[in-house]
Visitor: 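Once you've had a glance at the structure underneath, I'll fire off some questions.
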Amino acid sequence: MAILKDLLKGVSPIEVSGSLEVSVSGVEIDSRKVVAGTAFVAMKGTAVDGHSFIGKAVGQGASAVICEEMPEQLCAGVTYVRVASTEEAVGRVATHFYGDPTSKIVLVGVTGTNGKTTIATLLYEMFRKFGYKCGLISTVCNYIDGEPIPTDHTTPDAVTLNCLLGRMADEGCKYVFMECSSHAIVQRRIGGLKYAGGIFTNLTRDHLDYHGTVENYLKAKKMFFDGLGRDAFVVTNLDDRNGLVMTQNTKAKVTTYSLRSMSDFKGKILESGFDGMLIDINGREAFLRFIGKFNASNLLAVYGTACNLGRDPMEVLQVMSTLVPVNGRFDALHSPKGFTAIVDYAHTPDALVNVLESIREVLHGEGHVITVVGAGGNRDKGKRPLMAQESARRSDRLIITSDNPRFEEPQDIINDMLAGLSPVEMKNTVVVTDRREAIRTACMMADSGDVVLVAGKGHETYQEIRGVKHHFDDKEVLRECFE
């Protein structure tokens, strides 16, 4: 229970109707969850406007309403607070209600197009191995020191997020590692949180269906670093041309990592195979069970963050040598026929380039690469032909199939992908709309020494068709093919 006046610290109301001394038993942005005593925050979402549900929330017992537009009818006994932006206000209100959880934990955020899940998860696993209770907020799953909490979004809404962080703090978590999506940054879902550190991975084309332009997408990511305090640190990727752009206006201490340039955390791959890589980091060698330059870059970010958090570099490398790839991120399975199948979440042109080039590096020209890939429906259509193009250039055989078509026709998505292929590339490409059959076809094509890449879904255990999620697991299908 809290007093509304206390929840509005840092928020500047434009207009108030009613008492700010009213008791609040909870904060909600979903009117369906409102019960007696709740403060309902009316958000102008991309699909629906929460202002339309103010009456419903009041009818269900809301004691306060925070909105951008006052309703025509005000109910007695309910306090209405008008603010300039409920997006700006909700994070602060939720943070205060849940006891300012980030004042009690060390929160590190990871943002960028690719690598967020791997870096956040490996840091979570590493610091648990150091003996700390830790929390993880990620695309795959949220965890409170080993307890899984299912997730629907990379970064939850502000209320859910603060509730989760509050639980983590209450249960004794010292460190929390969190993916920060561009949507969450722009929509202020992380507003009011205090970060001890921030990590930038890379920036390539993605989510233009939402942001409109690459420049807007870049600005969304940069907002995260602009908001960090003087006592925070940044670990940024010098191998990405936007690595230093992200830190231009940050107040935080900036450190860098790179595989190519002089940096605070410099790495070099000495040897690599499908069982892992021998890597030199700042003059110390370690064998790590990861494959490819993109994973080496992710591991440098992990190493740099752990060092910024005060861990001994040698101790960090020792723990890193025990870590394994994240579910659905360059996940290798070995078939009885002698070929290797790799399941990866790669769903952008750049991510596909990274994975396929890593496979080529390990193969050294021996064996063929057969790629199975699709593109998600109701998302950035402009990346579809590029995904097919990059896959075709780096594969010996390409199978275009369905990913999560959502509310689009699978064949329309496939046609968008095929538009990126030249007549020569089309000769090595087949279309198998059914994803299960596409994976089976790839396994039938593969011989000993070949690699089958199944890209796009990674950890997902469903396929979304016409808004309905059906069970589908790429790894399960591959194992069935092996048998």
Side-chain angles (χ1 to χ4, degrees), residues 106 108-112 114-132 134 175 177 196-202 225 231-247 250 252-326 329-330 354-355 357-362 364:
V106 177
V108 176
V110 190
T111 196
N114 304 311
K116 296 187 297 295
T117 299
T118 293
I119 291 169
T121 304
L122 293 182
L123 282 166
Y124 162 78
E125 292 175 352
M126 173 183 284
F127 276 76
R128 290 190 77 207
K129 286 176 181 282
F130 286 147
Y132 296 103
C134 296
Y175 295 95
F177 302 100
I199 304 165
F200 174 70
T201 62
N202 48 61
F225 300 100
D231 55 347
F233 66 85
V234 175
V235 180
T236 192
N237 185 3
L238 270 192
D239 294 337
D240 187 282
R241 62 182 180 179
N242 296 298
L244 294 180
V245 173
M246 289 292 149
T247 62
T250 190
K253 168 194 166 189
V254 177
T255 57
T256 58
Y257 66 96
S258 174
L259 288 168
R260 299 197 299 257
S261 309
M262 290 303 296
S263 54
D264 296 297
F265 310 107
K266 175 73 168 65
K268 181 180 181 182
I269 299 174
L270 304 175
E271 297 175 16
S272 63
F274 281 121
D275 57 343
M277 69 176 85
L278 180 65
I279 186 169
D280 179 293
I281 300 179
N282 283 4
R284 295 184 174 95
E285 293 183 13
F287 183 81
L288 307 177
R289 287 183 275 181
F290 294 80
I291 307 165
K293 288 180 181 175
F294 70 100
N295 264 326
S297 184
N298 291 336
L299 290 162
L300 284 175
V302 170
Y303 176 86
T305 302
C307 291
N308 267 294
L309 290 171
R311 306 308 302 186
D312 177 72
M314 200 65 213
E315 181 189 30
V316 173
L317 281 179
Q318 287 170 350
V319 173
M320 282 173 66
S321 68
T322 70
L323 300 176
V324 296
V326 176
R329 288 356 186 235
F330 216 100
N354 287 337
V355 173
E357 288 191 348
S358 295
I359 291 170
R360 288 289 187 193
E361 286 167 18
V362 176
H364 298 297

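These numbers were taken from a predicted model, which means no experiment stands behind them. If you read the sequence from its start, that first residue is 1, and numbering goes on from there.
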Visitor: Is a donor on one side and an acceptor on the other found under 3.5 Å between the side chain of Thr236 and the backbone of Gly243?
Guide: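 Yes; at least one donor-acceptor contact below 3.5 Å.
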
Visitor: Does a side-chain heavy-atom distance below 4.5 Å link Phe290 with Ile279?
Guide: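 Heavy-atom side-chain distance check fails, nothing below 4.5 Å.
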
Visitor: Roughly how far apart are Ile281 CD1 and Phe265 CZ, rounded to 0.5 Å?
Guide: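 Separation between the atoms: 10.5 Å.
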
Visitor: Just how far is it from atom OG of Ser297 to atom CG of Asp240, taken to the nearest 0.5 Å?
Guide: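 Here the interatomic distance stands at 9.0 Å.
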
Visitor: Calculate, to the nearest 0.5 Å, the distance between atoms CZ and NZ belonging to Arg260 and Lys293 respectively.
Guide: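 Going from the CZ atom of Arg260 to the NZ atom of Lys293 covers 8.0 Å.
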
Visitor: Is the closest side-chain heavy-atom distance between Phe225 and Thr111 below 4.5 Å?
Guide: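 The answer is yes, as the side chains (C-beta and beyond) meet within the 4.5 Å cut-off.
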
Visitor: Can you find a heavy atom in the side chain of Phe287 that is under 4.5 Å from one in the side chain of Asp275?
Guide: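 A side-chain contact exists here, since the closest heavy-atom pair is under 4.5 Å.
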
Visitor: If every non-hydrogen atom of Ile269 is compared with every non-hydrogen atom of Ser272, which pair is closest and at what distance?
Guide: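 Where Ile269 meets Ser272 most closely, the heavy atoms are CG2-CB, 4.2 Å.
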
Visitor: On a heavy-atom basis, which atom in Met126 and which in Ala306 lie closest, and how many Å separate them?
Guide: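 Shortest heavy-atom contact: SD-CB, 3.8 Å.
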
Visitor: Heavy atoms only: give me the nearest Ala286-Leu317 pair and the separation to one decimal.
Guide: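 Taking every non-hydrogen atom into account, CB-CD2, 4.2 Å.
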
Visitor: Using 30° and 60° as the class boundaries, would you call the ring planes of Tyr175 and Tyr132 parallel, tilted or perpendicular?
Guide: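 Rings of Tyr175 and Tyr132: perpendicular, over 60°.
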
Visitor: For a quick test of reading the model, state the closest non-hydrogen atom pair linking Val326 to Thr118 and the distance between them.
Guide: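 Closest approach of Val326 to Thr118: CG2-CA, 3.8 Å.
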
Visitor: Tell me yes or no: between the side chains of Asn308 and Thr255, is some donor less than 3.5 Å from an acceptor?
Guide: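 Thr255 and Asn308 do have a side-chain donor-acceptor pair below 3.5 Å.
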
Visitor: Is it the case that the side chain of Lys116 and the backbone of Gly112 share a donor-acceptor pair, with hydrogens and angles ignored and the cut-off at 3.5 Å?
Guide: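 Yes; at least one donor-acceptor contact below 3.5 Å.
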
Visitor: Over 60° means perpendicular and under 30° means parallel, so tell me whether Phe330 and Phe294 are parallel, tilted or perpendicular.
Guide: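 Correct class here is tilted.
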
Visitor: Strictly distance-based, threshold 3.5 Å: is any side-chain N or O of Arg289 a donor or acceptor partner for the main-chain N or O of Pro325?
Guide: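 No; judged by distance alone, with no hydrogens or angles, the pair does not exist.
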
Visitor: Can you find a pair of side-chain heavy atoms, one from Met314 and one from Arg284, that are under 4.5 Å apart?
Guide: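 They are in contact (side-chain heavy atoms under 4.5 Å apart), so the answer is yes.
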
Visitor: As an exercise, state the distance from CG of Asn242 to CG of Asn237, rounded to the nearest 0.5 Å.
Guide: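 Answer rounded to 0.5 Å: 10.0 Å.
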
Visitor: I need the minimum non-hydrogen distance between Gly292 and Met277, along with the two atoms involved.
Guide: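 Minimum heavy-atom separation between Gly292 and Met277: O-CE, 3.3 Å.
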
Visitor: Heavy atoms only: give me the nearest Thr250-Val254 pair and the separation to one decimal.
Guide: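 Taking Thr250 first and Val254 second, the nearest heavy atoms are CG2-CG2, 3.8 Å.
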
Visitor: Rounded to the nearest 0.5 Å, how far does CE of Met320 lie from CG of Leu123?
Guide: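 Output value for this atom pair is 9.5 Å.
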
Visitor: So, the side chain of Ser358 versus the backbone of Asn354: is there a donor-acceptor pair under 3.5 Å, distance only?
Guide: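 Flag set: sc Ser358 to bb Asn354 pair under 3.5 Å.
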
Visitor: Quick one: does Thr256's side chain have a donor or acceptor within less than 3.5 Å of a partner on Asp264's backbone?
Guide: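 Confirmed, Thr256 side chain pairs with Asp264 backbone.
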
Visitor: Can you check whether Tyr124 reaches Val108 side chain to side chain, under 4.5 Å on heavy atoms?
Guide: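 The answer is no, as the side chains (C-beta and beyond) never meet within the 4.5 Å cut-off.
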
Visitor: Give, for atom CE of Met246 and atom CD1 of Ile199, the distance between the pair rounded to the nearest 0.5 Å.
Guide: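 One finds 14.5 Å between CE of Met246 and CD1 of Ile199.
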
Visitor: Determine the interplanar angle of the Phe177 and Phe127 rings, folded into 0 to 90°, and report it as parallel if under 30°, tilted if 30 to 60°, perpendicular if over 60°.
Guide: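 Judged by the thresholds at 30° and 60°, the geometry between Phe177 and Phe127 is tilted.
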
Visitor: Hey, are the side chains of Asn295 and Arg329 touching, using non-hydrogen atoms and a 4.5 Å cut-off?
Guide: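 They are not in contact (no side-chain heavy atoms under 4.5 Å apart), so the answer is no.
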
Visitor: Do other residues, nucleotides or ligands put more than 12 heavy atoms under 6.0 Å from Lys266 NZ?
Guide: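 Yes - once you tally the heavy atoms of other residues, nucleotides and ligands closer than 6.0 Å, there are more than 12.
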
Visitor: Given the rule in the side-chain contact (heavy atoms from CB on, under 4.5 Å) test, do Val235 and Tyr257 qualify, once you have shown the distances and angles that lead to the verdict?
Guide: CA-CA 7 Å; Val235 180; Tyr257 66 96; 3.5 Å; yes

Visitor: Would you indicate whether the side-chain heavy atoms of Leu288 and Leu299 approach each other to under 4.5 Å?
Guide: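 Counting from C-beta outward, Leu299 and Leu288 do come under 4.5 Å.
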
Visitor: Does a donor on one side chain sit under 3.5 Å from an acceptor on the other, for Ser258 and Asp239?
Guide: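 Yes - a donor-acceptor pair under 3.5 Å links their side chains.
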
